[in-house]
Every structure is written in structure tokens, then in C-alpha cells.
Amino acid sequence: MDYQALADLLFPNVTDTPESLEERFPSRNAPEGAVITRMAPSPTGFVHLGNLVQGLISERMAHQSGGVLFLRVEDTDAKREVPGAVEVLIDTLKHYGICFDEGATHDGDFGSYGPYRQRQRAAIYHVFAKKLVAEGQAYPCFCTEKELTAMREKQEAAKENFGYYGKYAIWRDRSIEDIQAEISAGKPWVLRFRSTGSIENQFKFDDVVKGKLTITENDIDHVLLKSDGIPTYHFAHAVDDHLMHTTHVVRGDEWMATLPFHIQLFKALGFKLPKYVHIGPLMKMDGDSKRKFSKRKDPESALTYYKAEGYPVASVREYLLTLLNSNFEDWRRANPDADVDEFKFTPKKLNPAGSLFDIAKLIDVSKNVISRMDADTVYNLLTEWAKEFDSDFAEKLSADPAYAKAILSIGRGGKKPRKDIAVWKEAKAYMGFFYDEYLEKPVFDQKFGADTVKTALAKFLEKFDISDDSGVWFDKVKAITEEMGLTTDMKAYKADPDAFPGTVADVSTFIRQAVTGKTNSPDLYTVMQILGYDRTVARIKTVMEAL
Ligand code: GLU
């Protein structure tokens, strides 16, 4: 067979050569050890936690090493494309601190290795397709859908492996005359790879995450170009990652199944194989068993969930690092104030079987992250969140920033900062009582009659002086307790609760409830200082009148 004649027949208009493309896309002159990697999403619209995990791994690997992270849009399946999906992905990842150095952007492409959208690269793929045909490594196949279905049914009945291989590869060795006849008749064709592999053979392969693997060769003549001339993922992956000089391919481990073919394809094309970082799926506990995240069942698989709940970006990033690198938490303990990007991330520590996502742990991490923020940062992030998700609360926060910041300063800045909130959504329940409109009516413990509560509150009002320091203030609460025949001796009370009608804790709770509407609040003395004398007194009086 004259393969060059076949190549000219199939690709009459391709005049570029692989060599000219190599010249057009020269190596990057990156520093030694720099990781050049990419995200290569299909623009289907939904940005999920898995995208962020992949983005974070890729971003850390690239930027930590002085390399490049670029965005390539895998839009070869026009049917699945959702308009605006690329922009949503770019914006969402940017929100989480993952910025691309190169590739598709809101305003077209940026960088010297484009185009970065695969449908615009058709001419490039055809150059390499023609080369493979000219070398006898690829051939056209004119099988119809119907023939392929019949083949599959036969394989199923005979309990054979599925696919276009061996005796089923009926176009593999057809004459150029047969091919010419089909083309003249206007029959559609796909381009197939001529595999020389055998499932009898195995070879060794080293994956950055999965470690040393033994892999079975591929014997299937997979499709390289579809009938519209657009490549399959496999062919585009090889051509693009070669020409864009990708050093590391970070992708989901669902691609492990076709990895043998990818390795084969790189070799056939004469390309250096990149390193592969195959990441396992994100898992979660469902009852007693682990399962993969489901877009349908798990609202927390969508990144919009974290935004709406009000998880700060820093919390999500910090949690994901905890999840991905087991030594992150130790590092954080040793470097509580360090910038998270100073942590040396390594893909080698990724769990090959996939990471177990635990929302309780995220909440814990987020409480810590928020507790370390200063009041200004908390105020800005909370207000930004509220503007989008609770406009009424946003108005209150914005009306008097100094007041809001005083509230948000409670318990902040010391060695053991308070950890009241994990998400901005919880902030209103925590601090809403500072705003009269959100103040709830207290419900006092039934154990005490209204008179007891009223007496305690009246006594407090008599003694209350806003200029007292917290020690004097509390001494007054203790004095009221004793005057009422309740005890300040918590030890004695614990030893024999029946001996006392109540304690100083009860009296404090009456006052706390009258001022905040709740049994739990930040430090009551500080709360009163922020509310001021008039509002504190007014609140207590209102409650007394209702008793
Ligand atoms: N478009 C592929 C996907 O979304 C890309 C995989 C890769 O990163 O190579 O799964």
C-alpha cells in the first residue's frame, strides 16, 4: 500500500508539516523543574468541587515550581457545549484564587501556544493525522453505526472484548482502490489508529499518584478523527499537550482506562510522554459506606453551594489542602499565621483511591480560619456575602460599619480567639441581637417564676453602671445573687443542687436573655459596652414589662 498516496487522498489540503508546527510552538524555556500544566475542561456549564480540587492541584504544582498553568477548552463535542460555560469556569476558579497564566479568557485567547479552543485547532490535528496515515499508522474506516452495533452484538454473544480490533477491524487492510471508491461515493469516514499492541503484553508505568503500575497494551484501533474531522479526546490530548509543552497531565482517574492507548499514541507520534497525575474521585460517607460524590444527590458537589452558605474562600482552600496533603495540618499548627501558599504541596501525597470529603472537618477548619481573621476582614467578607444573600442584613451592617466591627471584634485577636462561626450564614444568629429588629423575645427557664426573673432584673438595673469594669460589674451580679438567696458557690451547688434554688449562673442568664434574647451570647459585659447604657436599660425594661 502506498501510504503517502492514501495520506494525500484523505488530506489533500494539508500542506503544513509537523516540523513547521514544532517551529511555530518552540519549547518554553522554562526553568529546570518547572511544571507546565493545564486544565482542559469540556464547557458543559457545571463547576463542581472536583474541578476545584483539580484546579488547586494543578495551580499549586505550576506556580510553586515557577511553571505555567493554562486553560484549554475541550469543545470537541459541540452538542454538550453550554454557552458561557468557559466564562463561568474562569470566574469561579478565580474566586477561589486559581488564575490561569495563559489560554482561553473572557476576551479570546492569551498566549503563544494557541488557539486554546480545540475546535479552532482542526487544521493542526490534520497535520499529525496525515503524518500517521503516511506512516501506515492510521487509516480511514467507513463502517456505519449499524455495522458497529452489529459488531458489538456479535462480541457480546461470543463473550469477547468489545471494540474495533483484530478480525473486527475490517477497514484496516483495505486497498486504496476500495477506499477511493467509498470517498468518491461521498461516504463519511473516521480515522482510526492502527494498533500494534496486544492484550497478551504488559508493560510498567509510573503514575505520580498511583505509583508503579503494570499495564496491558491496547489492541483496539481507536478513532482519532470523527467524521466531521474533529478529533477525539485521545488524539487532541496527545497533539495539544505535546505542542503546548505540558510536562504534567493532572486529570481524573477515569482516564486510566484509555491510558494504554494514550501512551501508545504519544510513541507513534514521536512525542515525549508527559508525567501523569491521575487523581481519584472525591468520596463522601453515606451512612456506613463510602461513595463518589453525585451531582444529583449532593448539593455540596456544586461550588455555588459554598458561596451561598458563606464559606470564605480561604476556608475552602485550606480545607482542600488538609484533604489532599496529610502533612498540611501539622504545617498549619507550626505556622499559624503563614500565607497558605507557603505550604509545599506535593501530588505524591494524594490518596490514590480518592479523598474522603468531610463537611464537618470543613466546618472545623473554617471556624479556625475565620477566628484568625481581623475584624475588618470579617466585616468586609460578611458584608460582601450578605449583599448577595441577605440584603436586609447587608443594609444593617453597612449602615454603621464601626458598630458592626466593634461587634465582630469580640473575642478576636488574642491567643485563643472565639470560634463562633464557620460560615457567614451563621453570623446573623450569632450577632443579630445587636440590631433591635433582629432581637428575639426571651423564653426564660420554667423552673423560675416570672417574679424571680423580674426581681433579678430590677436589682440589676438599680446597680448597673456602664463605666464599671468587668470585675466590678460581675461583683454586682454576685451581690444580686446572694441578696436573692441563690448561691455563688458553684462547687457547693454541684455537690448538692437541691440545697439551692439557683446560682449566679442563673442570674447571669436572666440578664443575658433580657439583653440578647438568647441563653448563649458573646461575653455579656462586652455586649453591654457595645450596646451602651441606654439601649441595655431599655431592653431590660421592655422584657420586665412583658413578664
Ligand atoms: N476534557 C477532559 C475532561 O473534562 C480533560 C481531561 C484532561 O485533563 O486531560 O475530563
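Positions are given from 1 along the sequence. In listed order, ligands and their atoms are each counted from 1. Heavy-atom basis, side chains included; hydrogens, waters and symmetry copies ignored.
For A40, a nitrogen or oxygen atom sits less than 3.5 Å from a nitrogen or oxygen atom of ligand 1, counting backbone and side chain alike. Checked against a 3.5 angstrom limit, the closest N/O atoms of E254 and ligand 1 fall outside it. For a threshold of 3.5 Å applied to N or O pairs, the pair formed by E74 and ligand 1 contains at least one separation below that value.
A donor-acceptor contact closer than 3.5 angstrom is absent between the side chains of E342 and N335. A donor-acceptor contact closer than 3.5 angstrom is absent between the side chains of T377 and N380.
The protein heavy-atom contact nearest to atom 7 (C) of ligand 1 is Y233 OH, 3.3 Å. Closest to atom 10 (O) of ligand 1 among all protein heavy atoms lies W255 NE1, 3.2 Å.
By the 30° and 60° cut-offs, the orientation of the rings of F261 relative to H222 is tilted.
In this structure, R332 CZ and N368 CG are separated by 9.5 Å, a value rounded to the nearest 0.5 Å. Annotation: the span from E87 atom CD to T105 atom OG1 amounts to 8.5 Å, rounded to 0.5 Å. Taking CZ of R117 as the start and CD of E74 as the end, the distance is 13.0 Å to the nearest 0.5 Å.
Contacts between R38 and ligand 1, counted as non-hydrogen atom pairs separated by less than 4.0 Å, involve the side chain only.
Ligand 1 places these atoms under 4.0 Å from at least one heavy atom of R251: 7 (C), 8 (O), 9 (O).
Ligand 1 lies out of reach of G252, whose nearest heavy atom is not under 4.0 Å from it.
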